[in-house]
Amino acid sequence: MELLYEASNFQIQLHWVLPFAILGFAGLYAVYKGKIFVKFLGIIALIICAYTLAHFCYGYVSIIETYKHGNYQTIKGKVENFQPASQGGETTEDEELESFNIRTVHFEYGKTFIEKFGYHRPSANGGCIKKNGQQLQIGYIPTEAGNVIVRIEEVTED
């Protein structure tokens, strides 16, 4: 088997963090140096940053740490009902999603991954799940939002 993806390789990207860092520093500055209305805006900015940080930490712990402790399920089989994400327009959320089944387990992912912290790269963007019939072993964590893919291995037949 060839390992194609593993959630423990998750890395925080600067372009995710930088806007919230700027918003947080601006909020702190506004709270300490601004007039009453500016202080109010600063408090709102800090609340947004705190919520985002809490959401990020919860997602990280509930998915990445769960995976690192080996608390996930696996399924092995052929990709079925593969529906690639659209290559162009993002006019609706459905166009951003890619989905497939392995036996009775359904997987769905796309560009809006922050809620799930798992595999999220559509085939049109260089993803490793490309077509029906591809033989894979998928590690996943079931959540209320769907099955989060934490490990992908391609089964090679010798």
Side-chain angles (χ1 to χ4, degrees), residues 1-25 27 45-158:
M1 281 200 256
E2 178 186 355
L3 181 63
L4 302 177
Y5 172 80
E6 186 172 32
S8 63
N9 294 334
F10 178 82
Q11 295 178 341
I12 297 172
Q13 303 293 316
L14 181 62
H15 65 274
W16 300 338
V17 176
L18 194 58
F20 292 102
I22 292 169
L23 184 63
F25 284 121
L46 291 174
I47 290 170
I48 290 169
C49 288
Y51 172 79
T52 304
L53 179 63
H55 187 68
F56 182 87
C57 291
Y58 173 77
Y60 183 86
V61 168
S62 66
I63 300 301
I64 305 300
E65 288 300 316
T66 299
Y67 170 69
K68 286 181 179 179
H69 286 96
N71 298 327
Y72 63 96
Q73 299 176 19
T74 60
I75 189 160
K76 187 176 185 179
K78 290 184 180 180
V79 172
E80 301 170 343
N81 303 320
F82 180 71
Q83 297 293 317
S86 69
Q87 294 189 17
E90 295 177 7
T91 55
T92 66
E93 190 174 319
D94 289 339
E95 291 180 318
E96 296 180 14
L97 297 177
E98 190 160 275
S99 65
F100 68 95
N101 295 346
I102 293 186
R103 297 193 311 228
T104 59
V105 181
H106 181 73
F107 298 97
E108 194 171 81
Y109 54 90
K111 296 175 188 172
T112 56
F113 78 97
I114 196 75
E115 336 170 319
K116 293 188 175 184
F117 278 87
Y119 179 77
H120 61 277
R121 181 171 287 185
S123 58
N125 293 358
C128 58
I129 302 168
K130 300 183 184 306
K131 61 184 178 178
N132 283 320
Q134 196 174 359
Q135 188 77 18
L136 300 175
Q137 179 170 306
I138 305 282
Y140 66 98
I141 298 172
T143 69
E144 289 180 14
N147 293 316
V148 179
I149 300 172
V150 292
R151 184 177 181 90
I152 303 172
E153 294 176 282
E154 189 161 32
V155 179
T156 54
E157 297 178 24
D158 296 318

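Only a predicted model underlies this, so the values are computations on that prediction, with no experimental measurement involved.
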Once you measure the plane-to-plane angle for Y72 and Y67, does it fall in the parallel (<30°), tilted (30-60°) or perpendicular (>60°) bin? tilted

Tell me which one of V79, N101, I75, V148 satisfies side-chain contact (heavy atoms from CB on, under 4.5 Å) with F107. I75

side-chain contact (heavy atoms from CB on, under 4.5 Å) with F100: of N132, I129, N81, only one passes, and it is I129

Calculate, to the nearest 0.5 Å, the distance between atoms [atom1] and [atom2] belonging to [X] and [Y] respectively.
X   : Y    : atom1 : atom2 : result
Y5  : I138 : OH    : CD1   : 11.0 Å
M1  : I152 : CE    : CD1   : 13.5 Å
E6  : I149 : CD    : CD1   : 14.0 Å
I63 : Y58  : CD1   : OH    : 8.0 Å

Side chains of E98 and S123, donor plus acceptor under 3.5 Å: yes

Taking all heavy atoms of Q73 and all of P142, pick out the closest pair and write down the distance. NE2-CG, 3.5 Å

Atom of G27, atom of A45 and distance for their closest heavy-atom approach: CA-CB, 4.0 Å

Can you list the steps and then say if Q137 with I102 is a side-chain contact (heavy atoms from CB on, under 4.5 Å)? CA-CA 9 Å; Q137 179 170 306; I102 293 186; over 6 Å; no

Between [X] and [Y], is there a donor-acceptor pair closer than 3.5 Å when you use the side chain of the first and the backbone of the second?
X    : Y    : answer
H120 : G118 : yes
R103 : E80  : no
E154 : C128 : no

Step-by-step side-chain contact (heavy atoms from CB on, under 4.5 Å) determination, L136 to L4: CA-CA 10 Å; L136 300 175; L4 302 177; 4.2 Å; yes

So do H106 and S99 actually touch side chain to side chain, heavy atoms under 4.5 Å? yes

Derivation and outcome, side-chain contact (heavy atoms from CB on, under 4.5 Å), residues N71 and I141: CA-CA 8 Å; N71 298 327; I141 298 172; over 6 Å; no

Is it the case that atom CZ in F82 sees more than 12 heavy atoms from other parts of the structure closer than 6.0 Å? yes

